[in-house]
Student: 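Below is one structure. I have some questions about it.
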Amino acid sequence: MNFWTALVVIAAIWGLVQVMSARHGRRRHRHADRGNDLAAPQPDPGTQRELEELRERVKVLEQITVDGREAKAIADEIERLRDR
């Protein structure tokens, strides 16, 4: 194989890679657009209500664990665990 043949082969491979890369990029872009529709669902009132109920339960459990112990130390520990 001489220099010019190798140069043509390298150029052909480079062109093929560019075409495949462009096709893959368009496909990825289409899938990303579809994923955006799924990423922003409409809030469900039942789910929102259940979430609020669970938050209230967590508040009650936090209050129960604080009773009889130093409140500040436990509150700090809870906040530290939330930050993880």
Side-chain angles (χ1 to χ4, degrees):
M1 181 184 299
N2 65 18
F3 173 75
W4 295 109
T5 305
L7 188 63
V8 169
V9 169
I10 290 172
I13 291 172
W14 181 79
L16 182 64
V17 167
Q18 293 299 316
V19 168
M20 297 301 286
S21 188
R23 283 185 183 174
H24 182 68
R26 283 194 308 253
R27 188 178 313 141
R28 178 182 284 170
H29 184 67
R30 281 191 303 227
H31 289 297
D33 288 343
R34 289 185 203 149
N36 288 340
D37 294 339
L38 297 175
Q42 297 297 325
D44 180 28
T47 305
Q48 293 293 342
R49 185 182 69 245
E50 184 178 355
L51 181 61
E52 290 300 320
E53 290 173 2
L54 289 172
R55 286 181 179 155
E56 289 300 318
R57 292 173 98 181
V58 167
K59 286 180 186 178
V60 170
L61 289 172
E62 286 176 352
Q63 289 174 353
I64 290 170
T65 58
V66 170
D67 290 343
R69 294 175 59 189
E70 190 174 324
K72 178 66 175 153
I74 293 175
D76 290 341
E77 184 178 347
I78 289 170
E79 289 301 319
R80 183 180 53 80
L81 291 173
R82 280 186 185 154
D83 292 337
R84 282 187 182 184

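Side chains are part of it too, since the values below use all heavy atoms of this structure and drop only hydrogens, waters and symmetry mates. The model shown is predicted, which means the values in this text are computed figures rather than measured ones. Start at 1 with the first residue, then count along the sequence.
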Student: Can you list the residues that meet the side-chain contact (heavy atoms from CB on, under 4.5 Å) rule with I10, with sequence neighbours excluded?
Tutor: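 Checked I10 against side-chain contact (heavy atoms from CB on, under 4.5 Å); zero matches.
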
Student: Applying side-chain contact (heavy atoms from CB on, under 4.5 Å), name anything that partners L54, two or more places apart in sequence or on another chain.
Tutor: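 With neighbours one apart ignored, the set is E50, R57.
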
Student: Using the test side-chain contact (heavy atoms from CB on, under 4.5 Å), find all partners of Q48 that sit at least two apart in sequence or belong to another chain.
Tutor: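 Checked Q48 against side-chain contact (heavy atoms from CB on, under 4.5 Å); matches are P43, L51.
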
Student: Show which residues join L7 in its hydrophobic cluster (side-chain heavy-atom contacts under 4.5 Å, direct or indirect), or state none.
Tutor: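 ILVMFWY cluster around L7 also holds F3, W4.
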
Student: For D83, which residues count as a side chain to side chain donor-acceptor pair (under 3.5 Å) partner, sequence neighbours excluded?
Tutor: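 Scan of D83 (side chain to side chain donor-acceptor pair (under 3.5 Å), adjacent residues dropped) gives none.
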
Student: Which ILVMFWY residues are connected to L81, directly or by a chain of links, through side-chain heavy atoms under 4.5 Å apart?
Tutor: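 So far as hydrophobic clustering goes, L81 is joined with none.
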
Student: Quick one: salt bridge (Lys or Arg N to Asp or Glu O under 4.0 Å) partners of R55, sequence neighbours excluded?
Tutor: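 Partners of R55 under the salt bridge (Lys or Arg N to Asp or Glu O under 4.0 Å) test: E52.
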
Student: Supply the members, apart from L16, of the Ile/Leu/Val/Met/Phe/Trp/Tyr cluster built from side-chain contacts under 4.5 Å; use none for a lone residue.
Tutor: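 Grouped by the 4.5 Å side-chain rule, M20 form the rest of the cluster around L16.
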
Student: Not counting sequence neighbours, which residues clear side-chain contact (heavy atoms from CB on, under 4.5 Å) with W14? List them please.
Tutor: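 Listed in chain order: Q18.
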
